[in-house]
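One is the number of the first residue; the rest follow in order along the sequence. All figures in this text were calculated on a predicted structure; none of them were measured in a lab. Only this structure's heavy atoms are used, side chains among them; waters, hydrogens and symmetry mates stay out.
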Amino acid sequence: QGAAPSRMFSYRREGGGAPGRAGTARFLAQHNTWGFVATRAARGKIQGMPYGNCLLLSDGPINNSTGIPFFYVAPKDNTVVDLLKNPMASLTLPEADGNFCRKNLIDPEDPRCARLTLTGQMVTVPPEEVEFAKQAMFSRHPVVRKWPRSYEWFFMKMNIEHIWLQSW
């Protein structure tokens with residue numbers, strides 16, 4: 001097993017998590033399998049403009065959630081091109097990915113469906129954390145193991161600097 005990175009959050013997956021704002025944020029970081037990443041475009045006619053993309057993510061292996069989002073990306077992806085020029089990004093994790101809003105017949109854009117937005121620097125996962133990143137991503141998204149190797153996939157993570165939770 002690879003070494004676990006330093007943790008922003010550390011908690012068990014069983015149960016609903018801690019109550020309150022911190023518990024809601026941890027729940028969203030743990031249970032979302034994708035998120036919306038916003039960058040500043042670094043290419044073509046949209047250079048300098050906001051750009052967004054949905055990416056698969058994992059905050060750790062199923063039995064070891066960390067709150068740190070890990071991504072499996074390819075260098076030719078527009079989002080990655082942007083991040084390699086300017087690593088600052090935001091990541092929005094919607095509660096709509098879970099069952100609460102659906103079960104309660106609440107529209108995902110209704111303010112009662114929480115959203116977590118993390119901002120910070122996206123960095124390439126250092127060699128000493130790659131094994132942990134593999135376990136994190138492949139345990140939650142086994143199909144990515146079958147993605148074409150010719151795309152030169154690698155791991156990135158977000159070093160979180162700010163947390164904004166919309167939870168009404």
Side-chain angles (χ1 to χ4, degrees), residues 1-39 52-75 77 79-80 83-84 87-103 108 113-149 151-167:
Q1 290 209 355
S6 62
R7 289 166 178 17
M8 175 106 190
F9 303 122
S10 183
Y11 53 92
R12 293 183 192 186
R13 285 189 57 86
E14 6 359 295
R21 295 179 63 77
T24 300
R26 289 179 178 128
F27 178 86
L28 292 172
Q30 175 184 9
H31 290 285
N32 271 279
T33 57
W34 63 274
F36 182 81
V37 176
T39 60
N53 195 7
C54 292
L55 296 178
L56 294 180
L57 65 94
S58 173
D59 81 330
I62 290 173
N63 62 352
N64 188 13
S65 296
T66 65
I68 300 168
F70 288 90
F71 306 85
Y72 194 47
V73 295
D77 182 290
T79 302
V80 177
L83 292 169
L84 293 175
M88 298 307 295
S90 67
L91 167 65
T92 300
L93 304 173
E95 190 172 26
D97 196 27
N99 289 323
F100 172 80
C101 298
R102 203 177 0 240
K103 188 167 50 172
C113 282
R115 280 188 291 277
L116 177 66
T117 301
L118 307 172
T119 57
Q121 286 195 21
M122 293 283 284
V123 298
T124 300
V125 171
E128 63 273 12
E129 290 183 28
V130 167
E131 190 56 38
F132 183 85
K134 279 184 189 177
Q135 292 173 15
M137 187 58 66
F138 297 165
S139 67
R140 307 252 185 137
H141 304 282
V143 71
V144 301
R145 290 179 191 259
K146 297 179 182 180
W147 288 357
R149 295 204 190 280
Y151 283 55
E152 301 175 0
W153 302 98
F154 68 101
F155 293 97
M156 292 187 88
K157 69 177 183 175
M158 178 179 271
N159 288 333
I160 300 167
E161 296 178 19
H162 300 281
I163 300 170
W164 181 75
L165 177 67
Q166 176 181 316
S167 180

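- With rounding to the nearest 0.5 Å, the separation of OG1 in T66 from CZ in R26 is 12.0 Å.
- Within the 4.5 Å cutoff, the side chain of H31 has no heavy atoms near those of the E95 side chain.
- When atom types are taken as modelled, the side chain of H141 and the backbone of T33 share a donor-acceptor pair closer than 3.5 angstrom.
- Going from atom CD of E161 over to atom CG of N159 covers 7.5 Å, rounded to the nearest 0.5 Å.
- The number of heavy atoms from other shown groups lying within 6.0 Å of CD (E152) does not exceed 12.
- With sequence neighbours excluded, the residues satisfying side chain to side chain contact (heavy atoms under 4.5 Å, CB included) with S90 are A38, T117, T119.
- Between L165 and A25 the shortest heavy-atom distance is CD2-N, 4.3 Å.
- You'll find the side chain of F154 reaches within 4.5 Å of the side chain of V73, heavy atoms only.
- Closest non-hydrogen pair, S139 versus P61, comes out as OG-CA, 3.3 Å.
- Proximity of I160 to L91: side-chain heavy atoms (C-beta onward) are nowhere separated by under 4.5 Å.
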Item to complete: Assess whether side chain to side chain contact (heavy atoms under 4.5 Å, CB included) is satisfied between R115 and L93, documenting all intermediate values.
Response: CA-CA 6 Å; R115 280 188 291 277; L93 304 173; over 6 Å; no
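- Two residues are said to be in side-chain contact when any heavy atoms from C-beta on lie closer than 4.5 Å; P94 and Q166 fail this criterion.
- With sequence neighbours excluded, the residues that form a side chain to side chain contact (heavy atoms under 4.5 Å, CB included) with L83 are T39, T79, A89, M122, M156.
- The shortest distance between side-chain heavy atoms of F36 and N53 does not fall below 4.5 Å.
- At a threshold of 4.5 Å between non-hydrogen side-chain atoms, the residues F155 and T124 do not count as touching.
- Considering only residues two or more places apart in sequence or on other chains, W153 meets the ring-ring contact (aromatic ring centres under 6.0 Å, His included) condition with Y72, W147, Y151.
- Separation of atoms OG (S58) and CG (N32) is listed at 11.0 Å; rounding is to 0.5 Å.
- The shortest distance between side-chain heavy atoms of K134 and F132 does not fall below 4.5 Å.
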Practice prompt. Please test V37 against T92 for side chain to side chain contact (heavy atoms under 4.5 Å, CB included), starting from the C-alpha separation and ending with a verdict.
Written response: CA-CA 7 Å; V37 176; T92 300; over 6 Å; no
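- Considering every non-hydrogen atom in both A114 and L28, the closest pair reads CB-CD1, 4.0 Å.
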Item to complete: Verify side chain to side chain contact (heavy atoms under 4.5 Å, CB included) between M158 and L118, making sure each step is shown before the conclusion.
Response: CA-CA 9 Å; M158 178 179 271; L118 307 172; 3.8 Å; yes
Practice prompt. Would you check, one step at a time, whether the test side chain to side chain contact (heavy atoms under 4.5 Å, CB included) holds for V125 with F70?
Written response: CA-CA 8 Å; V125 171; F70 288 90; 3.9 Å; yes
